[in-house]
Number of protein chains: 2
Amino acid sequence: MNRSSSTKERILGAAEVLFAQRGFDGASLRQLTTAAGVNLAAVNYHFGSKEKLVEQVFRRRLDALNAQRLAALAKVREAGNGRLEDALDAFIRPALELSHEDSGSLFMRVLARAFAEHDDSLRQFLSENYGHVMRQFTAEFARLLPHLTKEELYWRIDLVTGALTHAMSGFGMIQRKQDVSEGAHREQTIQHLIRFAVAGLTHP
Amino acid sequence: MNRSSSTKERILGAAEVLFAQRGFDGASLRQLTTAAGVNLAAVNYHFGSKEKLVEQVFRRRLDALNAQRLAALAKVREAGNGRLEDALDAFIRPALELSHEDSGSLFMRVLARAFAEHDDSLRQFLSENYGHVMRQFTAEFARLLPHLTKEELYWRIDLVTGALTHAMSGFGMIQRKQDVSEGAHREQTIQHLIRFAVAGLTHP
DNA sequence: GTCTATAAGATGATAGAC
DNA sequence: GTCTATCATCTTATAGAC
């Protein structure tokens, strides 16, 4: 059994937790390797640098998320006369499912940090690797809302994205109540978001 | 003429810029005092610590913003049978005006960082000092949307807040075009947001 | 692949002269 | 109020033994 992959995974897991809690600069390699139970030098050995490690933390979650989104969108398309609700579901559900996973909420905080950082190299990385997903969804929304000008459509998609981002981030005031299961709460969030987005996208 | 207030102001200005660009941890007192053209020791002399300086950077903008919001809300109330659009305008306009000011967009990035930090002491500071504003607006929305349950209303306000936050942050894909003036673009954003929010709040 | 030891440098805070 | 000098501590990265 090769220990290297286990070491890599342990580092990635610890990095996600610590980047969420303390930020990319705030989490030191010392804290990180200690938490992962590996040697201080292991990060540079396995990833090359701290920055490459950050990139891998993103890839691990976002590759899966965007594959799910595109697969769901493809299903909506091939089903023929898709409804707006279904396209929105394809866009929203994988994202919210990720954000409600055990370590997913941690990752959401990592993502929020990345956006707040406003770091161009990181933004470029995200746009290069996942920009095509947004473009495919925009094209589908344009097909389903043919009465809107491009300008108007972009505005509305932008605001939907804002609402989704906010819901994923967990910053809002809505907290899951004790008598509601995790899964039920997620489904509630998805349904609220979809109805809200449909109203916002289709109003005259 | 007392130089101390000028030194304090120069520090606050430089801090806002550098906190936005590099984060609270990322901006060192050395970079900060150099940019402000003051001595390294001046921050600790005038503010006590780096953390107290951060607090003052927030106060300078948020005290003004929330006073404007409450004044606008009071006007809507005293005008009698207010419309939902007017209450939303009171909530949204001061925020978006701040975010479009010269140094306002910088401050928005500072604010985004604070949320991403998820730092409890900072969140507590914000909630203690400005939480009553949100409560007053929620009460007004409840009055204007009596058919919604409290539960449903909270969800929808939360999603509106998400869209507003996103619009303020400037993360979105919508960029001002060259042939549109700064003021016209801001007004466009406000109108899009209000119409989107009205649709999202009132849908059946 | 993993370890220790250490290089080379930045950081927040403060003491004390002016 | 402002300055310099410095403390104690932290950081990333690497060299070299095992």
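Quick caveat: nothing in here was measured; it's all calculated off a predicted structure. Reminder, nothing fancy here: chain letters follow the sequence lines and each chain counts from 1. Values reported hereafter were calculated over all heavy atoms of this structure, with side chains retained and with hydrogens, waters and symmetry mates removed.
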For D:dT2, does OP1 or OP2 lie under 4.0 Å from any side-chain N or O of B:T7?
yes
Using a 3.5 Å cut-off and no angle test, enumerate the donor-acceptor pairs between side-chain atoms of residues 179-189 of chain B and protein atoms at least two apart in sequence or in another chain.
unit_1, atom_1, unit_2, atom_2, d
B:S181, OG, B:A184, N, 3.0
B:E182, OE1, B:R176, NE, 3.3
B:E187, OE1, B:R93, NH1, 2.9
B:E187, OE2, B:R93, NH2, 3.0
B:E187, OE2, B:Q191, NE2, 2.9
B:T189, OG1, B:H185, O, 2.8

Does the side chain of B:V133 reach to within under 4.5 Å of the side chain of B:F91, using non-hydrogen atoms?
no
Numerically ordered, the residues 21-32 of chain B set in heavy-atom contact under 4.0 Å with DNA chain C is B:A27, B:S28, B:L29, B:R30
Side-chain touch A:L12/A:L53, heavy atoms, less than 4.5 angstrom:
yes
What is the separation between atom CG on A:N39 and atom P on C:dA5, rounded to the nearest whole Å?
11 Å
Do A:R10 and A:S6 meet the criterion of a side-chain donor-acceptor pair at a distance under 3.5 Å?
yes
Calculate the interatomic distance between A:N44 atom CG and C:dT4 atom P; express it in whole Å.
16 Å
CG of A:L40 versus P of C:dG1: gap in Å, rounded?
18 Å
Residue pair A:F19 / A:F107, side-chain heavy-atom distance below 4.5 Å
no
Roughly, in whole Å, what's the span from OH in A:Y45 to C1' in D:dA15?
15 Å
Would you say that A:H46 contacts A:Q56 through its side chain, given a criterion of any heavy-atom pair below 4.5 Å between the two side chains?
no
Nearest to the side chain of A:A41, which nucleotide is it out of D:dT14, C:dT2, C:dT14?
D:dT14
Would you mind reporting whether A:T161 and A:M134 have side-chain heavy atoms less than 4.5 Å apart?
yes
Qualifying residue, where the test is side-chain contact (heavy atoms from CB on, under 4.5 Å) with A:D89 and the options are A:L193, A:L84, A:L73, A:I194
A:I194
Which of residues 47-59 of chain A have a heavy atom under 4.0 Å from DNA chain C?
none
